[in-house]
Amino acid sequence: MKRSWTHPDFRRAQAIRRKRAERRYKIRTSGFGGGSGTSGPTIVAPPVLSVFDEPKDTLTFCNAFRARLSGRHPRVFLDLRRVVRVSSDALLLMRAIMKNALTVNVGGNMPEKLDVAAKLKASGFFTGFAKPPGQLPDPVGMMRDSFERLVINTKAEAMVDFARDHASLNSAEASVSYQTLMEVMSNTHHHANRSAEAGKLDPDVAPSQPARWFAMVYCEDGVAYFTIADLGVGILNSYPARRFLSKLGIGVGAYGSARLLTDAFTGEVGSSTELPGRGRGLPKMLNDAKTTLPTMRVLTSSTTGEIASLAFRRVPEGFHGTIFRWSAGGRRSES
């Protein structure tokens, strides 16, 4: 028989349900003053989130976020209040970390700087986060993102078409951007989760299937900013790179990470799979960076730099994966 509202047990159960609902609401909407009620650790973001402009602080933040989500009980609160600038490459990396996790329970607050909060909200990544007080302005730029495990030319085409619609790309920039997206997609599919041991799958990345690639194009003031990333083993820890070092009988530490990355782009490592429709590997990307996309940069296995000049250096914070970024249609820095 259905219990009436006056039954003590039923009323106690209803009170418990209300308290649980109130706690869930506090997790979603409170915490703008510091993250109380999150039922999980708080990770505080640095003032500038940019993979290439501020790699140490950004990677420290993202690595802590990634480590928490890989745990047994992934619950985390992101404190973004102090963020005054966020680059689309950092947005994409955070998106990739959330998408790559088996289960996600993420809450947080938004930056106090309203235009930055508007950019985060427009990305669609942080719709459940507590908003700052005040009306958010319309976001300045426009963005489109995509992710997949396969090499899909229609997704690369769609991102380039989006950039042509919202930025001033010329035909050469559009063509090379498409080829670069396809090249990185294929590298991710074939190499990102393969370790140094005879090309075996890396169990920490993807035990039974190819790694995912994550891509975004962000357009602002006639400029398109492309970013494509994976959370795999990184170029310097991939099977082709390790096979190259094995033949020399030397480790990456003694050989030098910057030197090894240079060799990968100049063709010494030989990582291209020569598949139809691809740009013949990293050496082709080096040539394209010199001739068409001079802003192209890479961060992989704790080493970063501009591809055109091969000016690579190590960063203090480690990173398990690879990120490529370039701009087209202009030469100004993203705000």
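Bear in mind that the values here come from a model prediction, so they are computed numbers and not experimental data. Just so you know, these numbers use all the heavy atoms, side chains as well, and skip hydrogens, waters and symmetry mates.
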Considering only heavy atoms from C-beta outward, does the side chain of [X] approach that of [Y] to under 4.5 Å?
X	Y	result
Glu306	Met296	no
Leu78	Phe61	yes
Leu114	Pro132	yes
Lys121	Lys131	yes
Phe265	Leu310	yes
Asn109	Phe77	yes
Val184	Trp213	no
Leu181	Val160	yes

Linking I/L/V/M/F/W/Y whenever their side-chain heavy atoms sit closer than 4.5 Å, directly or via other members, would [X] and [Y] fall into one cluster?
X	Y	result
Leu92	Val48	no
Val44	Met94	no
Val84	Val86	no
Tyr178	Ile152	no
Phe147	Tyr225	yes

List the steps, then state whether side-chain contact (heavy atoms from CB on, under 4.5 Å) holds for Leu282 with Ile235. CA-CA 10 Å; Leu282 299 181; Ile235 295 173; 4.3 Å; yes
Aromatic Tyr239 / basic Arg242 pairing, under 6.0 angstrom, 45° off normal: no
Give a yes or no on whether the backbone of [Y] and the side-chain of [X] come within a donor-acceptor separation of less than 3.5 Å.
X	Y	value
Glu173	Leu293	no
Ser186	Met182	no
His166	Phe162	yes
Ser175	Ala172	no
Ser168	Gly329	yes
Asn63	Leu59	yes
Ser146	Phe214	no
Arg212	Lys99	yes

Only counting residues at least two apart or in another chain, list the ones meeting ring-ring contact (aromatic ring centres under 6.0 Å, His included) with Phe319. none
Just checking, is any N or O donor in the side chain of Tyr255 or Asp263 under 3.5 Å from an acceptor N or O on the other one? yes
No-hydrogen, no-angle side-chain donor-acceptor test under 3.5 Å, Ser50 and Thr58: no
Taking the six-membered ring for Trp, are Phe129 and Phe126 parallel (under 30°), tilted (30 to 60°) or perpendicular (over 60°)? perpendicular
Between Trp326 and Phe226, what is the ring plane arrangement, given parallel below 30°, perpendicular above 60°, and tilted in between? parallel
Set out, in order, the CA-CA distance, both residues' side-chain angles and the distance that settles side-chain contact (heavy atoms from CB on, under 4.5 Å) for Leu260 and Phe244, then state yes or no. CA-CA 9 Å; Leu260 182 59; Phe244 171 78; 3.7 Å; yes
Are [X] and [Y] close enough for a salt bridge, meaning some N to O gap below 4.0 Å?
X	Y	answer
Glu148	Lys155	yes
Lys113	Asp115	yes
Asp53	Arg297	yes

Test side chain to side chain donor-acceptor pair (under 3.5 Å) applied to Ser88 and Arg95, Lys119, Arg325, the passing residue: Arg325
For side-chain contact (heavy atoms from CB on, under 4.5 Å), just list the numbers for Thr304 and Val298, CA-CA rounded to whole Å, side-chain angles, deciding distance to a tenth of an Å, and then say yes or no. CA-CA 5 Å; Thr304 187; Val298 63; 5.8 Å; no
Residues in side-chain contact (heavy atoms from CB on, under 4.5 Å) contact with Ala167, at least two apart in sequence or another chain: Leu169, Cys219, Ala224
Are Ile43 and Val76 close enough, and set up right, to give a side-chain contact (heavy atoms from CB on, under 4.5 Å), and what steps lead you there? CA-CA 7 Å; Ile43 302 177; Val76 64; 3.5 Å; yes
Which of Leu236, Leu231, Asp230 passes side-chain contact (heavy atoms from CB on, under 4.5 Å) with Thr322? It is Asp230
Who pairs with Arg66 by side chain to side chain donor-acceptor pair (under 3.5 Å), at least two apart in sequence or on another chain? none
